[in-house]
Novice: 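Next up is a structure, given as structure tokens.
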Amino acid sequence: MNAQRSLNFRAALLSVLMLLVVLGIWYVATSSSAAANSTAGMTAEQIEYAKMMGKDPGSAKATGFPTLGQMGTAIWGHLSDPFFDRGPNEKGIAIQLAHSLGRVALGFLLAMLVAIPLGFVIGMSPLMRKAFDPFIQVLKPISPLAWMPLALYTIKDSSASGIFVIFICSIWPMLVNTAFGVAAVKREWLNVARTLEVNPVRTAFQVILPAAAPTILTGMRISMGIAWLVIVAAEMLVGGTGIGYFVWNEWNNLSLPNVIFAIGVIGVVGMLLDLLFGQIQKMVTYVE
């Protein structure tokens, strides 16, 4: 236990040191050129024209990569008022995240309702496994975003199309892992249940499900990671609301501090989702 705590402490310390190194490089790289590049390549007329258009030639929009100070200002601005709503293109980061997480949750839940029962059927029946395998092998490699034009044409709603894409990308890891976990349940356990004349429903819930649960959770964990990746790209395509649309909209506004902040938020939320499923997976993991 002490050795594990020592390892965790040293790993955390090393992570902090690496972060400080990255921030130090960022500070040196941006501070040394911020002043020089604020109007670099611009004539006096271009600078004056930029000011007349309401732009600041020395801002992050004009200079390119933001400094740590500009990033700090952007982060504080978002975190100090995350729930503001000033129109279609002016919503707080918490509202944008809520839209994205809502779409991911709904698409993921629909995928669970289909993939886990179907995975049980495939895993328990060699005939069904061989019958479904060609369809799974053909459909699984298709990029989820390739379904977006078809979804927009048939559903005719951008938000519902995003949910459909999440459903498509989430179903395959769960389906394959559920089928594998069910098929890998020890024959001895099933024979004992059969000997005790346990009915099939009870066998499925009290023998097969607990035994296959770690593998099923692995599939769900993989599916959630893919879903969070895909929703950002999908929202960039369809627009409207969500963290993906926020990134694309801020890029169109040439606001790199907001883009970088959103990228960081996407990474942190993805990490938290993975940690959540990791903890659930530990709860259902058993030692033989």
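Remember, it's a predicted structure, so these values are computed and weren't measured experimentally.
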Novice: Name all residues meeting the salt bridge (Lys or Arg N to Asp or Glu O under 4.0 Å) criterion together with Arg129; count only those two or more places apart in sequence or in a different chain, and write none if there are none.
Specialist: none
Novice: Can Thr241 and Arg103 be counted as having a side-chain donor-acceptor contact under 3.5 angstrom?
Specialist: yes
Novice: Just so I know, are the side chains of Ile75 and Met71 near enough to count as touching, which here means a heavy-atom distance under 4.5 Å?
Specialist: yes
Novice: Side chains of Pro210 and Gln206, heavy atoms from C-beta outward: is any pair under 4.5 Å?
Specialist: no
Novice: Could you check if a side-chain atom of Ile266 sits within less than 4.5 angstrom of a side-chain atom of Val247, using non-hydrogen atoms only?
Specialist: yes
Novice: By side-chain contact (heavy atoms from CB on, under 4.5 Å), which residues pair with Ile226, not counting sequence neighbours?
Specialist: Cys169, Pro173, Ile222, Val230
Novice: Do Ile243 and Trp228 come close enough that some side-chain heavy atom pair is under 4.5 Å?
Specialist: yes
Novice: If every non-hydrogen atom of Val284 is compared with every non-hydrogen atom of Pro214, which pair is closest and at what distance?
Specialist: O-CG, 3.6 Å
Novice: Only counting residues at least two apart or in another chain, list the ones meeting side chain to side chain donor-acceptor pair (under 3.5 Å) with Gln96.
Specialist: none
Novice: With sequence neighbours left out, what residues match Thr218 under side chain to side chain donor-acceptor pair (under 3.5 Å)?
Specialist: Gln281
Novice: Using links of under 4.5 Å between side-chain heavy atoms of ILVMFWY residues, direct or through other members, which residues join Val121 in one cluster?
Specialist: Leu106, Leu110, Val114, Leu118, Ile122, Met128, Phe132, Ile136, Leu139, Ile142, Trp147, Leu150, Ile155, Ile163, Phe164, Phe167, Ile168, Ile171, Trp172, Leu175, Val176
Novice: Verify, without hydrogens or angle tests, whether Thr30 (side chain) and Thr67 (backbone) share a donor-acceptor contact under 3.5 angstrom.
Specialist: no
Novice: Can you list every pair that meets salt bridge (charged side-chain N to carboxylate O under 4.0 Å, His left out) and has a residue in residues 159-174, with sequence neighbours left out?
Specialist: none
Novice: Which atom names give the shortest non-hydrogen contact between Pro66 and Leu256, and what distance separates them?
Specialist: CD-CB, 4.0 Å
Novice: Whether the side chain of Lys130 engages the backbone of Leu127 through a donor-acceptor N/O pair (distance < 3.5 Å, no angle test) should be reported.
Specialist: no
Novice: Return the set of residues passing salt bridge (Lys or Arg N to Asp or Glu O under 4.0 Å) with Asp157 (not counting sequence neighbours), or none when no residue passes.
Specialist: none
Novice: Return the set of residues passing side-chain contact (heavy atoms from CB on, under 4.5 Å) with Pro82 (not counting sequence neighbours), or none when no residue passes.
Specialist: Ile93, Ala94
Novice: By side-chain contact (heavy atoms from CB on, under 4.5 Å), which residues pair with Leu209, not counting sequence neighbours?
Specialist: Phe120, Phe205, Ile216
Novice: Can you confirm whether Val232 sits close enough to Met236 that some side-chain heavy atom of one is under 4.5 Å from a side-chain heavy atom of the other?
Specialist: yes
Novice: Has Arg187 got a side-chain atom pairing as donor or acceptor with Val185's backbone, closer than 3.5 angstrom?
Specialist: yes
Novice: Enumerate the residue pairs fulfilling ring-ring contact (aromatic ring centres under 6.0 Å, His included) with a member in residues 94-115, sequence neighbours excluded, ordered by first and then second residue.
Specialist: Phe108-Phe277
Novice: What's the shortest heavy-atom distance between Ala233 and Leu145, and which atoms?
Specialist: CB-CD1, 3.6 Å
Novice: List the residues meeting side chain to side chain donor-acceptor pair (under 3.5 Å) with Asn258, not counting sequence neighbours, and say none if there are none.
Specialist: His78, Glu250, Ser255
Novice: Taking side chain as C-beta onward, heavy atoms only, is Leu273 less than 4.5 Å from Arg221?
Specialist: no
Novice: Side-chain contact, heavy-atom cut-off 4.5 Å: Ser100 with Glu235?
Specialist: yes
Novice: Can you name the side chain to side chain donor-acceptor pair (under 3.5 Å) partners of Gln137, sequence neighbours left out?
Specialist: Asp133
